[in-house]
Amino acid sequence: MIIKNLDSYLYIKPDKAKIQEVEMYFNSKSKLSSSIIDLVKIDINKEGVTDSLKKINNFLNASNKSCVFVKQLSIEEMYSVDLVFLPTIKEAKDFLIMDEIERDLKKKE
């Protein structure tokens, strides 16, 4: 699994079929940052994968952080899960920037 900082975000690229390692990683951290999780090697249709992705997303959201998954999906796959999937890392970073701006604006209201 690759874990590194990408600008001000955490970038994680799990090994093939090891999405549970990412879930365990987030459960073990006390300080979290908005994250980009690259799923290029992961089959999201495999049993249990979307459940792990939802847990990761909910865990980060509960900590007031954002999460975006990098994976090119078909339209049918996009509508089958309630998570944010974008096809490139650049788009993922742009999404996180916009999400942070939106969170900051809500705090000021």
Side-chain angles (χ1 to χ4, degrees):
M1 177 166 61
I2 297 170
I3 301 171
K4 64 181 183 178
N5 289 324
L6 189 63
D7 295 332
S8 60
Y9 307 111
L10 182 65
Y11 173 82
I12 298 178
K13 186 175 183 181
D15 295 327
K16 190 174 186 174
K18 295 192 178 178
I19 194 66
Q20 287 76 17
E21 284 182 354
V22 179
E23 188 180 338
M24 290 187 302
Y25 173 81
F26 282 109
N27 285 332
S28 70
K29 293 294 174 189
S30 59
K31 185 179 179 200
L32 299 171
S33 61
S34 293
S35 301
I36 297 170
I37 302 173
D38 192 339
L39 301 175
V40 69
K41 295 182 179 182
I42 304 294
D43 177 5
I44 67 159
N45 296 313
K46 190 173 179 182
E47 187 174 336
V49 171
T50 55
D51 290 336
S52 288
L53 298 179
K54 287 178 183 179
K55 287 177 187 176
I56 293 165
N57 187 61
N58 292 340
F59 187 69
L60 284 164
N61 287 338
S63 299
N64 206 27
K65 301 297 178 188
S66 301
C67 180
V68 64
F69 301 99
V70 176
K71 179 91 173 169
Q72 192 142 15
L73 300 178
S74 69
I75 291 174
E76 293 83 22
E77 289 173 316
M78 283 177 153
Y79 290 120
S80 66
V81 290
D82 189 28
L83 300 168
V84 178
F85 288 93
L86 294 169
T88 68
I89 294 170
K90 167 126 178 55
E91 289 174 302
K93 287 176 15 181
D94 291 344
F95 174 86
L96 291 176
I97 290 168
M98 295 302 293
D99 200 50
E100 287 176 0
I101 291 169
E102 185 178 328
R103 285 180 197 257
D104 289 344
L105 288 173
K106 286 181 180 178
K107 286 180 187 176
K108 292 179 182 179
E109 291 179 347

Checking [X] now: which residues fulfil side-chain contact (heavy atoms from CB on, under 4.5 Å) with it, not counting sequence neighbours?
| X | value |
| --- | --- |
| S8 | none |
| N64 | R103, K107 |
| S52 | I19, Q20, E23 |
| S63 | L32, K65 |

Donor-acceptor under 3.5 Å (T50 side chain, G48 main chain): no
Between K13 and I2 (side chain of the first, backbone of the second, donor and acceptor by atom type, cut-off under 3.5 Å), is there such a pair? no
Output all residues satisfying side chain to side chain donor-acceptor pair (under 3.5 Å) with Y9, sequence neighbours left out; order by chain, then residue number. none
Can I get a per-line list of side-chain donor-acceptor pairs under 3.5 Å for residues 55-62, giving both atom names and the distance, sequence neighbours left out?
unit_1	atom_1	unit_2	atom_2	d
N58	ND2	K54	O	3.2
N61	ND2	N57	O	3.3

What ring pair (Phe, Tyr, Trp, His ring centres under 6.0 Å) pairs are there with at least one residue in residues 18-49, not counting sequence neighbours? none
So, using salt bridge (Lys or Arg N to Asp or Glu O under 4.0 Å) as the criterion, who are the partners of [X] when residues are at least two apart?
| X | value |
| --- | --- |
| K93 | D7 |
| E21 | none |
| K90 | D94 |

Can you name the ring-ring contact (aromatic ring centres under 6.0 Å, His included) partners of Y11, sequence neighbours left out? none
